[in-house]
Undergrad: 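Encoded as structure tokens, here's the structure I'll be asking about.
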Number of protein chains: 2
Amino acid sequence: MNAEIAEIAEKPERKQQQRSVVTQQKLLDAAIEAFSENGFKGTSTRDIADRAGVHHPLITYHFKNKDQLWRAATDRIFRDFNISLVKAMAEIPDAEPKAKAEAFVRTYLHYSRSQPALHRIILQEANGEHERMQWLTDNPLRPMFDEVHKALANLQSIGVAPQGSPAMLFNMIRVCAGGLIALKLELKSTSNIDLDSDEQIAELGDLIIRVFFPGDPPKIN
Amino acid sequence: MNAEIAEIAEKPERKQQQRSVVTQQKLLDAAIEAFSENGFKGTSTRDIADRAGVHHPLITYHFKNKDQLWRAATDRIFRDFNISLVKAMAEIPDAEPKAKAEAFVRTYLHYSRSQPALHRIILQEANGEHERMQWLTDNPLRPMFDEVHKALANLQSIGVAPQGSPAMLFNMIRVCAGGLIALKLELKSTSNIDLDSDEQIAELGDLIIRVFFPGDPPKIN
DNA sequence: AAATTTTTTTCCAAAGTGGACTAGTTCCAA
DNA sequence: TTGGAACTAGTCCACTTTGGAAAAAAATTT
């Protein structure tokens, strides 16, 4: 009967404890690992909690449910990648377009190696018409892609990148980096390629650049 | 006490019924679909049976268990691909190396489109140190790769393919084809690319060839 | 019709599922 | 230092799913 008039809801606002952010991080790390290995359906909350070394009801406490945990985990992957990318670009603020593209490729490669889930999570969700795939495209993916497509079109216009659909070209580059790293276990035994080694990662980067950006950049002055 | 002396095991050998090969095919098709979507762990035998429209104990009857079914399904994918490949090559028995490479790329693209599991199944197993991955590399993969690496090295020596590790180069080509098709659902919404369309598949083929085989083939005489 | 292959139907024991709930502990703020 | 909030541990639950066994029924071949 008596209406809840706590509309303005003065919050006491006590700060989050340190140990809590630690468990959240542990859970996120474990979730990223598990989801990228076995997909959403193939992963149980208990598996995640075990990997994190944490009691499984803590997932409910910190993330409400499995779905929210997936979102938080995915969000973290792409957010971190974006940070790496921004940082790398900030180091070469007025480089030529080609040099920037090279930096992009190498940053993507290095981040993918430390976090192969960047590509794998997408692959796991690209199998059916899940709402999770929708969320991925709407949130981290399409905005980033649109930007990169433009940069690539520019590279084509100055003769650095080969002609053809920029979108197609970008996705080719993307799978050559992230897609190959997602296969690194296979590559080790089928092709004697060890993408955990710095040398071979660098070699892959060189190859990608040589193949996809064969043109010489026009001199600035 | 009385030893089983049926060593030579004269088999009456009654012929397999037609309906049985049909259900086997249905089960294999369903298994390929399910395993490539959800991985081995994420797939239940009941799910497979449902997709096949068949009672689930038939899996035990025809394939002994889930593991054997996976092997049979995987075997079929690669066997069929090999058949497509041999057929395509037989049509151009004395073409130049570059033309053969182009035929390879296009065949791989077309087969991947009709059977995206060719790449997806590998990806599903490349996530941990499973014995299934071992089986994949030992049986269908490495033999095929070794051969292709050689052909690619030859293309490099005649200046058609760019320099660099042939193995790395081959795997780049491979993911540009199969890896992109495995992502086709994502590409549709992030990049407006529809890899179910003949035109865009052809465009991708052109692009791969232009990027990875930029050199002109030397004239034969 | 007999023999055998294939399918149907039923069953099981075990494990795993996501999540609710309570009691206890640790920490922050006054 | 103490009240209360943030956090964790530990149980529990109702339910589904798991892979596979086993027996009975049906369909085909010989």
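Owing to the predicted nature of the structure, the values given are computational and were not obtained by experimental measurement. Chain A is the first sequence line, chain B the second, and so forth, proteins listed ahead of strands; every chain is numbered from 1. The figures that follow rest on heavy atoms only: side chains count, while hydrogens, waters and symmetry mates do not.
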Undergrad: Without decimals, in angstroms, what is the distance between B:Phe35 CZ and D:dG19 C1'?
TA: 12 Å
Undergrad: Between C:dG19 atom C1' and A:Asp67 atom CG, what is the distance in whole Å?
TA: 14 Å
Undergrad: Between A:Asn82 and A:Arg79, is there a side-chain donor-acceptor contact under 3.5 Å, judged purely by atom types and distance?
TA: no
Undergrad: Rounding to a whole Å, what distance do you find between A:His62:NE2 and C:dG19:P?
TA: 16 Å
Undergrad: Nearest whole Å is fine: how far is D:dC7 P from A:Gln25 CD?
TA: 14 Å
Undergrad: Taking B:Thr45 for the side chain and B:Lys66 for the main chain, is one N or O donor matched with an acceptor at less than 3.5 Å?
TA: no
Undergrad: For residues 117-128 of chain B, which residue pairs qualify under salt bridge (charged side-chain N to carboxylate O under 4.0 Å, His left out), counting only residues two or more places apart or in two chains?
TA: B:Glu125-B:Arg132
Undergrad: Are B:Arg142 and B:Asp146 close enough for a salt bridge, meaning some N to O gap below 4.0 Å?
TA: no
Undergrad: Among D:dC7, C:dT7, D:dT8, which nucleotide has an atom closest to any side-chain atom of B:Arg19?
TA: C:dT7
Undergrad: Find the distance A:Phe40:CZ to C:dT17:P and express it as a whole number of Å.
TA: 12 Å
Undergrad: Under 4.0 Å between a side-chain nitrogen and a carboxylate oxygen: does that hold for B:Arg46 and B:Asp50?
TA: no
Undergrad: Rounded to the Å, how far apart are B:Tyr61 OH and C:dT9 P?
TA: 17 Å
Undergrad: Would you indicate, yes or no, if C:dT6 has its OP1 or OP2 atom less than 4.0 angstrom from a side-chain nitrogen or oxygen of B:Ser20?
TA: yes
Undergrad: Heavy atoms, side chains only, cut-off 4.5 Å: are B:Phe63 and B:Trp70 in contact?
TA: no
Undergrad: Within the 4.0 Å limit for protein heavy atoms, which parts of nucleotides 9-18 of chain D are touched? Write it as a string from 5' to 3', B for base, S for sugar-phosphate only, - for none.
TA: SBBB-----B
